Visitor: 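Submitted below is the structure of interest, expressed as structure tokens.
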Amino acid sequence: MAAKIGIFYENTPINLVYLLVLQVIGRLSTIVKCCLAVRASSIIMNRLLIITFTLFSGVVLHAQVADSVRELNEVVVRAYAYNRSLDDVPATVNKVGQIELQRFAAGTFVQAVNTIPGARLEERSPGSYRISVRGSTLRSPFGVRNVKVYWNELPLTDPGGNTYFNQLDPAMIGSMEIIKGPGSSLYGAGTGGVLLLESIKPKIGHALHAGLQLGSFGNELYSFSFETGKEKFSQHTQVLHHQADGYRDHTRMSRDVVNHAFQVDISEDQSLKTFIFYSDLFYETPGGLTLNEFNDNPRQARPSTMMFPGAVQQNARVHLQSFYTGVSHEYRFSKKLQNKTGVYGNLVKFENAAIRNFDHRNEQSLGARSVTVFNHQINDVQLTALGGGEFQWGFLPTKSYENNNGEEGLLLADDEASVLQYSIFGQAELRWKKVNLTTGLSYNAQRLTFHRLSDVGSEPEQLNYDPVFMPRVALLVKPTNQLRIFGSISSGFSPPTLAEINASNGIFNLELEPERGVNYELGARVKLFENRLRMEVTAYDFNLRETIVIRRDEDGAEFFVNAGKTDQQGIELALQYAMELSETNFINDVNLWSNYSRNRYRFKDYIKDEDDFSGNELTGTPGYVWSAGVDVTLRSGIYVRLTNLYTDALPLNDANTIYADSYYLVGARAGYQHKRFEVYLGGENLLDERYSLGNDLNAAGGRYYNVAAGRSFYGGVKVNVSF
């Protein structure tokens with residue numbers, strides 16, 4: 001019977017798919033065995049690199065006998081206002097689009113971002129995100145800090161320095177650009193990188209989209225959208241719902257989003273954009289576990305002890321409601337001169353019932369950003385100059401109560417705070433033949449006013465950080481059509497956020513100093529085999545002063561201190577290969593990719609009381625991360641996407657006495673895509689690894705661990721109706 005089956009399917013698409021899948025699985029199984037065999041050893045770095053290059057070399061040899069090939073799609077980025085191909089941008093920028101997001105289950109950014117070298121997105125529980133770009137996790141017990149986030153070129157980060165990134169659903173995102181290193185020369189205060197988020201751009205015509213996804217642990221996603229695209233007008237409206245029971249006890253979450261984007265060309269010279277979203281997010285917070293609790297039952301919520309109640313008893317949870325609206329106007333004075341000005345407003349209602357206290361915030365913020373660009377060409381010299389400013393103001397009051405079994409108790413603090421910050425910036429770029437030179441400079445200032453109303457007779461306090469100039473110089477050289485060499489020197493300035501100055505220990509810390517740092521970067525981009533193979537390698541050295549780190553009291557309340565200096569050195573490698581077979585072949589294309597980052601981050605001059613942490617590894621940052629995958633698409637519309645992610649062990653405290661174990665994740669997604677519909681099935685963490693994602697750094701009582709979901713599966717369907 002086996003022989004008959006083999007003959008029956010000989011030279012058919014099914015047999016060829018079978019052989020291809022076997023070949024891919026064979027290569028991936030080799031990777032898995034190597035990873036599992038040496039996962040606790042630094043030797044894995046070399047083996048992973050060898051495997052990666054072997055994988056690519058095998059495909060390259062196969063491509064040489066293919067009848068036809070295709071180039072990789074050109075990546076266009078908006079970072080630093082370059083607005084052109086990434087190949088000609090003298091900066092390290094990674095782009096996450098719908099292709100990257102659709103390798104995984106819908107409803108989360110985590111896996112897609114974690115495949116980017118140098119970027120790390122952690123999830124302490126469903127809906128609770130923390131983003132790190134090149135080691136900026138130190139300042140974030142939860143949420144996103146020290147990473148500036150923009151939504152359609154307007155700030156999403158509030159004036160206090162916090163970003164409610166979890167209010168967004170991945171289905172809202174057309175693209176995400178991750179700028180690594182300080183972006184202060186153009187994007188204001190910050191040392192931990194910049195995220196540029198763009199809405200989905202409608203295609204020409206009218207379309208309705210509906211989607212449903214069901215998965216393990218009670219995951220349910222429903223989506224509906226309507227879009228219109230015309231030559232001078234477009235609109236996109238979405239309604240999204242996501243809910244899950246969660247892997248751990250007490251991790252139920254629910255998120256509802258209504259999102260609308262509108263664009264119209266008023267005339268040949270000007271256009272107007274509006275974008276509005278409302279998000280309602282609820283999630284339970286299970287709390288961190290000790291190592292013994294993690295090993296005994298990692299799915300449990302933080303249990304009660306003799307001294308403190310547990311997460312279930314306190315009904316620990318977060319409820320976030322936000323309404324964001326922005327308007328952007330672009331005016332083209334001439335072909336050489338144009339201006340883009342936008343304003344935004346954001347209303348946030350935030351409730352957080354933690355183990356220790358119950359916080360209420362009703363935040364209001366507004367801001368504006370204006371950029372004027374001038375282009376001029378003289379013979380072979382192209383000059384682009386821009387100048388502008390950004391302004392943000394926020395009124396950010398907080399009331400903190402005792403948490404009595406999930407209800408407000410006695411008032412602990414009633415605080416009013418307002419933050420004013422602004423940035424004035426300029427940038428000039430000179431492009432001459434095979435050389436691009438960019439210089440940028442910004443002037444940044446911030447003022448914070450704080451008043452504790454609950455302290456009778458207290459007076460408002462004010463913090464004024466001295467204005468600083470933040471320069472950036474970048475150079476890109478094109479020795480050949482296949483090679484780009486680039487480098488940059490940039491400065492960063494990051495004042496403490498309001499949540500760090502007024503931390504959950506209830507003390508207003510006037511002594512906390514801003515971070516300042518200088519980043520040195522050198523990289524190269526190579527395109528080979530008629531642009532089918534692309535490689536980018538970057539080396540950097542980031543020297544940071546007055547590094548802000550988190551510490552915790554015995555009851556779990558956090559506070560922040562300056563930790564002297566850190567030296568953050570790293571190497572990042574990205575490889576991509578694309579192949580198209582002959583017109584008669586049933587396989588449309590095969591795309592392979594692999595990313596690797598090596599981090600050597602160390603504390604310098606960090607002494608706390610009698611403890612000297614100088615020379616220790618930076619808390620919360622793995623030594624290296626490797627990811628790789630293959631995307632196979634058949635002409636029939638069937639696709640298979642396989643992904644791998646290995647993360648090295650990382651220190652959980654400044655003393656480096658406790659480490660989180662390394663882990664290796666394998667995922668897969670397969671489906672059938674038609675212009676009218678798509679059906680798909682997938683699985684994540686297929687090896688059922690037990691690992692902690694979103695660790696509580698420097699946790700009191702050793703409660704470092706927040707276990708991530710085990711093996712899980714999902715399936716979904718999307719329907720598209722165009723007319």
Side-chain angles (χ1 to χ4, degrees), residues 76-84 86 88-95 133-134 136 146-157 159 161 163 175-198 326 328 330 338-342 344 367-375 383-392 421-431 436-446 467-476 486-495 514-521 540 542:
V76 178
V77 298
R78 307 174 70 90
Y80 291 108
Y82 287 119
N83 298 320
R84 60 173 179 267
L86 177 62
D88 294 328
V89 170
T92 307
V93 183
N94 289 98
K95 192 167 185 176
V133 180
R134 290 182 176 174
S136 57
N146 197 32
V147 176
K148 192 70 174 288
V149 183
Y150 286 82
W151 175 244
N152 294 311
E153 302 184 70
L154 289 177
L156 188 64
T157 301
T163 305
S175 70
M176 173 196 304
E177 293 181 21
I178 302 174
I179 303 175
K180 302 171 190 175
S184 298
S185 66
L186 201 59
Y187 299 106
T191 60
V194 181
L195 267 61
L196 305 179
L197 309 178
E198 290 285 334
S328 178
E330 182 175 0
Q338 63 184 35
N339 171 270
K340 183 177 291 186
T341 299
Y344 82 92
R369 181 177 175 88
S370 181
V371 181
T372 300
V373 180
F374 173 75
N375 291 286
L383 173 66
T384 301
L386 66 84
E390 181 178 300
F391 160 86
Q392 288 184 272
Q421 64 169 268
Y422 64 88
S423 173
I424 302 171
F425 50 81
Q427 179 175 287
E429 183 190 19
L430 191 67
R431 303 172 68 184
N436 298 357
L437 175 65
T438 303
T439 59
L441 182 68
S442 70
Y443 177 84
N444 304 273
Q446 178 171 304
V468 293
F469 288 95
M470 291 289 107
R472 174 178 178 263
V473 178
L475 178 67
L476 183 139
F486 62 92
S488 66
I489 301 174
S490 57
S491 294
F493 163 79
S494 180
E515 291 182 338
R516 290 180 172 84
V518 180
N519 184 62
Y520 304 90
E521 195 165 293
Y540 62 90
F542 183 36

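No hydrogens, no waters, no symmetry mates; every other heavy atom, side chains included, goes into these values. Given the structure is predicted, the values throughout are model-derived calculations rather than measurements.
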Visitor: Does Q338 have any side-chain hydrogen bond (donor to acceptor under 3.5 Å, both in side chains) partners at least two apart in sequence or in another chain, and if so, which?
Guide: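 Once residues adjacent in sequence are excluded, Q338 has no partner under the side-chain hydrogen bond (donor to acceptor under 3.5 Å, both in side chains) criterion.
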Visitor: Quick test of your reading: applying salt bridge (Lys or Arg N to Asp or Glu O under 4.0 Å), list the pairs with at least one residue in residues 180-190, sequence neighbours left out, ordered by first then second residue.
Guide: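 Of all non-adjacent pairs touching residues 180-190, those that pass salt bridge (Lys or Arg N to Asp or Glu O under 4.0 Å) are K180-E572.
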Visitor: State the CG-CG distance between L430 and L437, to the nearest 0.5 angstrom.
Guide: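 Reported to 0.5 Å precision, the distance equals 6.5 Å.
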Visitor: Between E153 and Y344, is any side-chain donor less than 3.5 angstrom from a side-chain acceptor?
Guide: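 Distance-only check fails for E153 and Y344.
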Visitor: Is there a donor-acceptor contact under 3.5 Å from the side chain of S185 to the main chain of M470?
Guide: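 It does not hold such a pair.
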Visitor: Of all the heavy-atom pairs spanning A79 and L196, show the shortest one and how long it is.
Guide: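 That would be CA-CD1, 3.8 Å.
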Visitor: For residues L186 and A81, report the shortest heavy-atom separation together with the two atoms involved.
Guide: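 Distance-wise, the nearest heavy atoms are CD2-N, 4.1 Å.
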Visitor: Quick one: salt bridge (charged side-chain N to carboxylate O under 4.0 Å, His left out) partners of K95, sequence neighbours excluded?
Guide: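 Counting only residues at least two positions away or on another chain, K95 forms no salt bridge (charged side-chain N to carboxylate O under 4.0 Å, His left out).
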Visitor: Does either side chain, that of T191 or that of E515, offer a donor lying less than 3.5 Å from an acceptor on the other one?
Guide: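 Yes, E515 and T191 have a side-chain donor paired with an acceptor closer than 3.5 Å.
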Visitor: Can you confirm whether Y520 is buried at OH, in the sense that more than 12 heavy atoms of other residues, nucleotides or ligands lie under 6.0 Å from that atom?
Guide: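 Result for OH/Y520: open.
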Visitor: Is the shortest heavy-atom distance from the side chain of Y150 to the side chain of V194 under 4.5 Å?
Guide: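 Yes, their side chains come closer than 4.5 Å.
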Visitor: When you look at I178 and V133, which way does the side chain to side chain contact (heavy atoms under 4.5 Å, CB included) test go after all the steps?
Guide: CA-CA 8 Å; I178 302 174; V133 180; 4.3 Å; yes
Visitor: Between V147 and L195, does a side chain to side chain contact (heavy atoms under 4.5 Å, CB included) hold up when you go through it step by step?
Guide: CA-CA 7 Å; V147 176; L195 267 61; 3.5 Å; yes
Visitor: Who pairs with Y443 by ring-ring contact (aromatic ring centres under 6.0 Å, His included), at least two apart in sequence or on another chain?
Guide: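 Partners of Y443 under the ring-ring contact (aromatic ring centres under 6.0 Å, His included) test: F469.
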Visitor: Residues in side-chain hydrogen bond (donor to acceptor under 3.5 Å, both in side chains) with N83, at least two apart?
Guide: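 Scan of N83 (side-chain hydrogen bond (donor to acceptor under 3.5 Å, both in side chains), adjacent residues dropped) gives none.
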Visitor: Between the main-chain N or O of S175 and the side-chain N or O of E198, is there a donor-acceptor pair closer than 3.5 Å?
Guide: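 Judged by distance alone, no pair lies under 3.5 Å.
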Visitor: Is there a side-chain contact between V76 and L86, using heavy atoms and a 4.5 Å cut-off?
Guide: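 No, their side chains stay 4.5 Å or more apart.
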Visitor: Using the test salt bridge (charged side-chain N to carboxylate O under 4.0 Å, His left out), find all partners of R472 that sit at least two apart in sequence or belong to another chain.
Guide: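 Applying salt bridge (charged side-chain N to carboxylate O under 4.0 Å, His left out) to R472 gives none.
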Visitor: Considering residues at least two apart in sequence or located in another chain, which fulfil the ring-ring contact (aromatic ring centres under 6.0 Å, His included) criterion with Y540?
Guide: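 By the ring-ring contact (aromatic ring centres under 6.0 Å, His included) rule, Y540 matches no residue at all.
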Visitor: Taking side-chain hydrogen bond (donor to acceptor under 3.5 Å, both in side chains) as the definition, give me every residue that meets it alongside T157, ordered by chain and number, with sequence neighbours left out.
Guide: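 Listed in chain order: T163.
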Visitor: Check ring-ring contact (aromatic ring centres under 6.0 Å, His included) between Y80 and all other residues, then give those that pass, not counting sequence neighbours.
Guide: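 Checked Y80 against ring-ring contact (aromatic ring centres under 6.0 Å, His included); matches are Y187.
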Visitor: Of L475, T92, N436, which is the lone residue that meets side chain to side chain contact (heavy atoms under 4.5 Å, CB included) with F486?
Guide: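 That would be T92.
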Visitor: With sequence neighbours left out, what residues match E177 under salt bridge (charged side-chain N to carboxylate O under 4.0 Å, His left out)?
Guide: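 With sequence neighbours excluded, E177 shows a salt bridge (charged side-chain N to carboxylate O under 4.0 Å, His left out) to no residue whatsoever.
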Visitor: Measure the CG-CG distance between L156 and L154 for me, rounded to the nearest 0.5 Å.
Guide: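 Between L156 CG and L154 CG, I get 10.0 Å after rounding to 0.5 Å.
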Visitor: Do L476 and V89 make a side-chain contact, defined as non-hydrogen atoms from C-beta onward lying under 4.5 Å apart?
Guide: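 L476 does not reach V89 side chain to side chain.
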Visitor: Please identify each residue that fulfils salt bridge (charged side-chain N to carboxylate O under 4.0 Å, His left out) with E330, with sequence neighbours left out.
Guide: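 Checked E330 against salt bridge (charged side-chain N to carboxylate O under 4.0 Å, His left out); matches are R332, K340.
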Visitor: Looking at S491 and V518, what are the two nearest heavy atoms and their distance?
Guide: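 Scanning both residues, the minimum pair turns out to be OG-CG2, 4.0 Å.
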Visitor: Could you tell me whether the side chain of F493 reaches within less than 4.5 Å of the side chain of S442, counting heavy atoms only?
Guide: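 A side-chain contact is absent here, since even the closest heavy-atom pair is not under 4.5 Å.
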Visitor: Any side-chain heavy-atom pair from V371 and V373 closer than 4.5 angstrom?
Guide: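 Yes, their side chains come closer than 4.5 Å.
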Visitor: With rounding to the nearest 0.5 Å, note down the distance linking NZ in K148 to CD1 in I179.
Guide: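 Between atom NZ of K148 and atom CD1 of I179 there are 11.0 Å.
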Visitor: Is a side-chain donor or acceptor of R84 paired with a backbone partner of D88 at a separation under 3.5 angstrom?
Guide: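 A pair under 3.5 Å: yes.
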Visitor: What is the minimum heavy-atom distance between S423 and N444, and which atoms define it?
Guide: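 For S423 and N444, the tightest heavy-atom pair comes out as OG-OD1, 3.1 Å.
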Visitor: I need the minimum non-hydrogen distance between R134 and G181, along with the two atoms involved.
Guide: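 Looking at all heavy atoms of both residues, the shortest contact is NH1-N, 4.0 Å.
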Visitor: side-chain hydrogen bond (donor to acceptor under 3.5 Å, both in side chains) with Q427: which residues, sequence neighbours excluded?
Guide: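 Q427 satisfies side-chain hydrogen bond (donor to acceptor under 3.5 Å, both in side chains) with no other residue.
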Visitor: Are the side chains of Y82 and E429 in touch, meaning some heavy atoms are under 4.5 Å apart?
Guide: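 Yes, at least one pair of side-chain atoms sits under 4.5 Å.
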Visitor: Should S328 and N152 be marked as a side-chain hydrogen bond (donor to acceptor under 3.5 Å, both in side chains) after you check the CA-CA gap, both sets of side-chain angles, and the distance that decides it?
Guide: CA-CA 9 Å; S328 178; N152 294 311; over 6 Å; no
Visitor: For a quick test of reading the model, state the closest non-hydrogen atom pair linking S370 to F425 and the distance between them.
Guide: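 Smallest interatomic distance, heavy atoms only, reads O-CZ, 4.0 Å.
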